[in-house]
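Structure first, then comments.
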Amino acid sequence: MEYNFREIEKKWQSFWKENKTFKAENKSDKPKYYVLDMFPYPSGAGLHVGHPLGYIASDIFSRYKRLQGFNVLHPMGFDAYGLPAEQYAIQTGTHPAVTTKKNIERYKQQLSKIGFSFDWDRQVITSDPAYYKWTQWTFIQLFKHWYNNKIEKAEPISDLIKEFETSGNKNIDAATSYKDIFSAGQWKSMTEKQQQKILMEYRLAYLSDTMVNWCPGLGTVLANDEVKEGVSIRGGYAVERKLMRQWSLRITAYAKRLLEGLDNLEWSDSLKEIQRNWIGRSQGAMVKFEVKNCFISDEKVFIDVFTTRADTLFGSTFMVLAPEHELAEKITTPEQKSKVEEYISWAKNRSERERLTEVKKISGVFTGASGINPANGKEIPIWIADYVLSGYGTGAIMAVPAHDSRDYAFAKHFNIPIIQVVSGGDISEESYDAKQGKMINSGFLNGLDVKEAIPAMIKKIEEMKIGYGTINYRLRDAIFSRQRYWGEPFPIYYKDDMPYTLDEKELPLELPEVDAYLPTEKGEPPLARAKEWKTKQGYPLECNTMPGFAGSCGYYLRYMDPQNNEEYFSKQANEYWKNVDLYIGGIEHATGHLIYSRFWNKFLFDLGLTSKDEPFKKLINQGMIQGRSNFVYRIKGTNTFVSFNLKDKYEYTPIHVDVNIVDNDILNIDLFKSWRPEFADAEFIFEDGKYICGSEVEKMSKSLYNVQNPDDLIEKYGADTLRMYEMFLGPLTDSKPWDTHGIEGVFRFIKKFWRLFHNSNNDFEISDEKPNNKELKILHKTIKKIKEDVERFSFNTAVSSFMICVNELSELKCNKREILNELTILISSYAPHIAEELWHKMGHDESIAYAKFPVLNEEYLKENTVVYPVSFNGKMRFKVELDVNMSKEEIEKTVLNHENSQRWISGKTPKKVIIVPKKIINIVI
RNA sequence: GCCCAGGUGGUGGAAUUGGUAGACACGUUGGACUUAAAAUCCAAUGGCCAUUGCGGCCGUGCGGGUUCAAGUCCCGCCCUGGGUACCA
């Protein structure tokens, strides 16, 4: 029989489906192994060859682990909420659920053709009410908990209320924005609304007026990780800062644990580094500066600043507030009022993008007020400038122009004095920012080294009770509201303008129908259009929905127990599966999903629901598969196209051409003419009778006509070939261009593998003869290599080893059962369909998926002789085969007397002979 | 600017611990089989020189260094990709 992959692959895919071959049980005597892929957003475009790369790798690993005797959890699902389906709904009126369902079906169909060993019974879809019930449930728990810094753990709000009732808040050390101190008596005398307002500042999910990234193009706010360089990552729309009442998650409470947890994870250094930078820990001090002669309701006014350079306090010659700072207008003197107001409104109306691109432009305004430098009692001016960000630290700084380049530029521009306090550099030219040198002009600090001066100054600040040493994080709370339709509704209603959670029994709160997917005329989010969007008691429900990342925060937990209607997941299921052993996905989630998930998991851990503090033990980022675009060159002003190597004689315009009408860079003229009407009459300047196209490596994208679709390749070569080729392309973690021609080589290999089992008439024929040592050696060499390679995720070299093995066995015309049986198991995780087919032909009844991974016998690898490369002064000159047991002395003697050596020694006495057993011989002349 | 990866034939890449640089493929060239094509098989294939044969020199971004030996380690530089960007 010919190798008929279409028939074989269809046959085994339905076999696996019917027999539920890959169903994972929550109870097993086997050790568990959890392999997870980042689940896809089902877009309308379908999969291209880049998408399955990670899935193939994780599938190979899952199948390998099954062969090794593990109970493997390898699920798949869909991250189904997202902007594209909603944008499409706005344009066409099609409900996003309809689009999403259709796209999921398409994705599933495409995925099923690749032969993945997913347990589809565990599929989760984030937009399914049975799933998002638990997203909403977790939100309620976040609302009902606060973070206790003393024990670094989330605790129930009810416990916090008890504490307020007995002792007020003086003993509480919480992650909160609330600064005032109240007593138990004061607490009790508050109205419910006042109490709720205070509690809101402690909750891990809280509602507040915050500066948000408002994206008018998308009609919604965005989280920090959804914005890059002042524009939205999805769609590239401009983003501006806006004060809005929004839900946020107090992820900053977990900053320390999120940072420290990284140390024990098997993630790539670069990914950990991205997260470390995003969390951005800085050690420093909080210092209080008094505002001179300034009183608000009889109390002195102080400005808190955060600094990492407490040592330079004596050099602080002015202060700067962010334009959004709450004191900015309050401390401004009447004379400066109009200027300050003008500046603040100018700064507010600047888009984020303008602000970023005009970083070099210095702007600011003097408030007229002065602060007092607590180190030396000197009066220093207070300015407002937008180089100070409201979101970091306290939104106010002590400026030290001598030792901070930004302050320096500002001081030079506005003629503010500069006092050097650390020796080194030339401050008439530029600031001296290095943390190196001796202190000068700094009172009691003089003569100390910077490294000594920092703690000395912090100690002094603490003694003076004007501040304290502290750690500041760059990480911000996650803004959790979106003014969109297609997302999880919040389980929240409003009473007296204060938010309350729905009862857990009322979950899921299902997404209502609306007449249009647009904001109302009053500018409320789309949910405000829903009829009866209120509780049974008549209280209005929240109209915002949750962000795109909400559903992916805990999906890996739900896979453990996906049909559970009583709980998110059972304790028993979680204690069995624990956390993800191997997670494969793109690096683009470094500052989004991968931080949010860790936070979500840590919170559930604090509640005692998850058994592990970290969700993803080992994580691999697969590289991107880039497209290889082809170009034709049209001579300017004509409809004539010039072949690649002749183009420089003309003035031309390169035009992307569909890679599917180009074969090996040679353009198919007929297909090109019929590709687009404007090319129907095209003329050509050929070279060697052919039209050669240019090529370039770019992103794989529809608009660049370089998309390779897995379905087409499967149709042509089969899924086994596609799987192996995607792995053969290069290291999993590297980005690499797709080259369709390479797939032929893998296809040839698969056919060659098939021929090992078939005679010249294409009939299945294997021999029961005992294999010889040569054959056993080939097999065991391959077992060893495949095992090593898969365990270090080096799938490309594993594929080459299979090629070498099959080449060698073909050469020996080996069709012996003992060899082929083992080789089939080895290859089954890479090319499961052909392996399953041959496995059954060899007489097995059970699926190969649960066969036993071949055991390596080192005996077969033993050699009697070693071929030594003989080098002279490090240059390899010839090889010599020697007995493996020869002593170094014997080797030296033999090699020096070897006829080929004489030429290189040429009568001289070798200075030194280096012999590394079984490796190399080097003779130094 | 700062931080992190990386730079090897015409192409994708291999070299796992400092020990034969270029495995395995693609492509190219020549050949076999065939009426022909496809498929398959064989041979050559880093560059330069030599070629009747043996062979020789150079070569892992560039310049230094350590070592018997460097793609691999160290120092300096260049380039590419990613992250981040007034983070006090």
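Every chain is numbered from 1 and lettered A, B, ... according to where its sequence line falls, protein lines coming before strand lines. If you're wondering where the values come from, they're calculated on a predicted model, not measured in any experiment.
- A/Y3 places its OH atom 13 Å from the P atom of B/U40, with the value rounded to the nearest Å.
- Contacts of A/I397 with the nucleic acid, taken as non-hydrogen atoms under 4.0 Å apart, include base atoms.
- In this structure a side-chain-to-backbone donor-acceptor pair under 3.5 Å is missing from A/Y3 to A/R755.
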- Spell out protein contact along nucleotides 14-24 of chain B as letters: B when the base is contacted, S when just the sugar-phosphate is, - when no protein heavy atom is under 4.0 Å; keep the 5' to 3' order. SSB--BB--BB
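- Here A/K736 does not pair with A/D734 in a salt bridge; the nearest charged N to carboxylate O distance is not below 4.0 Å.
- With C1' as the reference atom, B/C3 and B/G59 are 34 Å apart, rounded to whole Å.
- Panel note: side chain A/N373, backbone A/A375; a donor-acceptor pair is recorded below 3.5 Å.
- Taking every heavy atom of both residues into account, A/V450 and A/R309 meet most closely at CG1-NH2, 4.0 Å.
- Comment: A/E863 engages A/K777 in a salt bridge, judged by a side-chain N to carboxylate O separation of less than 4.0 angstrom.
- One interatomic measurement links the two molecules: CG of A/L321 to C1' of B/A88, which rounds to 13 Å at whole-angstrom precision.
- Considering only side-chain N and O atoms, A/K751 lies under 4.0 angstrom from the phosphate OP1 or OP2 of B/U40.
- To the nearest whole angstrom, the two C1' atoms, one in B/A38 and one in B/A32, are 16 Å apart.
- A donor-acceptor contact closer than 3.5 angstrom is absent between the side chains of A/T797 and A/S800.
- Using C1' as the reference atom, B/A15 and B/A69 are 16 Å apart when rounded to the nearest Å.
- Listed for the A/N630 side chain is no donor-acceptor partner under 3.5 Å among the backbone atoms of A/V659.
- If you measure from atom CG of A/D404 to atom C1' of B/G1, you get 13 Å, rounded to the nearest angstrom.
- The separation between A/F749 atom CZ and B/U40 atom P is 14 Å, rounded to whole Å.
- Using atom C1' as the reference point in both B/A23 and B/U45, the two lie 15 Å apart (nearest Å).
- Close to B/C4, at under 4.0 Å from its OP1 or OP2, lies no side-chain N or O of A/R276.
- Using a 4.0 Å cut-off between charged nitrogen and carboxylate oxygen, A/K781 and A/E808 count as a salt-bridge pair.
- Separating the C1' atom of B/G71 from that of B/G13 is a span of 14 Å, rounded to the nearest Å.
- Atom P of B/G56 sits at a distance of 32 Å from the matching atom of B/U17, rounded to the whole Å.
- Contact detail for A/A285 and A/A310: the closest heavy-atom pair is CB-CB, 4.4 Å.
- At whole-Å resolution of the value, CD in A/Q708 and C1' in B/G12 are 15 Å apart.
- Two residues, A/D269 and A/D739, neighbour RNA chain B, and the one matched to the more 5' nucleotide by heavy-atom proximity is A/D269.
- At B/A69, none of the side-chain N or O atoms of A/R877 fall inside 4.0 Å of OP1 or OP2 (strictly under the cut-off).
- Taking only side-chain nitrogens and oxygens, A/K912 comes nearer than 4.0 Å to OP1 or OP2 of B/C68.
- If you take CG of A/D433 and C1' of B/C86, they are 12 Å apart, rounded to a whole angstrom.
- B/G9 takes the syn form, because its glycosidic angle lies no more than 90° either side of 0.
- Salt bridge status for A/D263 with A/R276: present, with a side-chain N to carboxylate O gap under 4.0 Å.
- Distances from the side chain of A/H741 to the nucleotides B/A88, B/C4, B/C26 place B/C26 closest.
- Distance check on atom C1': B/C58 versus B/G12 gives 25 Å, rounded to whole Å.
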- Message: Output one letter per nucleotide in nucleotides 79-85 of chain B: B when a protein non-hydrogen atom lies under 4.0 Å from the base, S when only the sugar-phosphate is that close, - when neither is.
- Response: ----SSS
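- Rounded to an integer number of Å, the gap from CD1 of A/I692 to P of B/U28 is 10 Å.
- Applying the 4.0 Å criterion to OP1 and OP2 of B/A88, one finds that A/S282 has a side-chain N or O inside that range.
- Stem analysis of RNA chain B (at least three stacked-register Watson-Crick or G-U pairs, each with both distances under 3.5 Å) gives B:1-7 with B:78-84, B:10-12 with B:24-26, B:27-32 with B:40-45, B:46-49 with B:55-58, B:61-65 with B:73-77.
- At least one side-chain heavy atom of A/I915 sits under 4.5 Å from a side-chain heavy atom of A/E892.
- When distances are taken from the side chain of A/R748 to each of B/G27, B/G13, B/C86, the shortest belongs to B/G27.
- Side-chain contact check for A/T591 and A/Q275: no donor-acceptor pair (N or O, by modelled atom type) lies under 3.5 Å.
- More than 12 heavy atoms of other residues, nucleotides or ligands shown are found within 6.0 angstrom of NZ on A/K618.
- A/V400 comes within 4.0 angstrom of nothing in the nucleic acid, heavy atoms only.
- Here A/R281 lies out of heavy-atom contact (under 4.0 Å) with every strand.
- At distances below 3.5 Å, not a single donor-acceptor pair connects side-chain atoms of A/N796 with backbone N or O atoms of A/L729.
- Between A/Y725 atom OH and B/G13 atom C1' there is a gap of 11 Å when expressed in whole angstrom units.
- Between B/G61 and B/U72, the two C1' atoms lie 16 Å apart (nearest whole Å).
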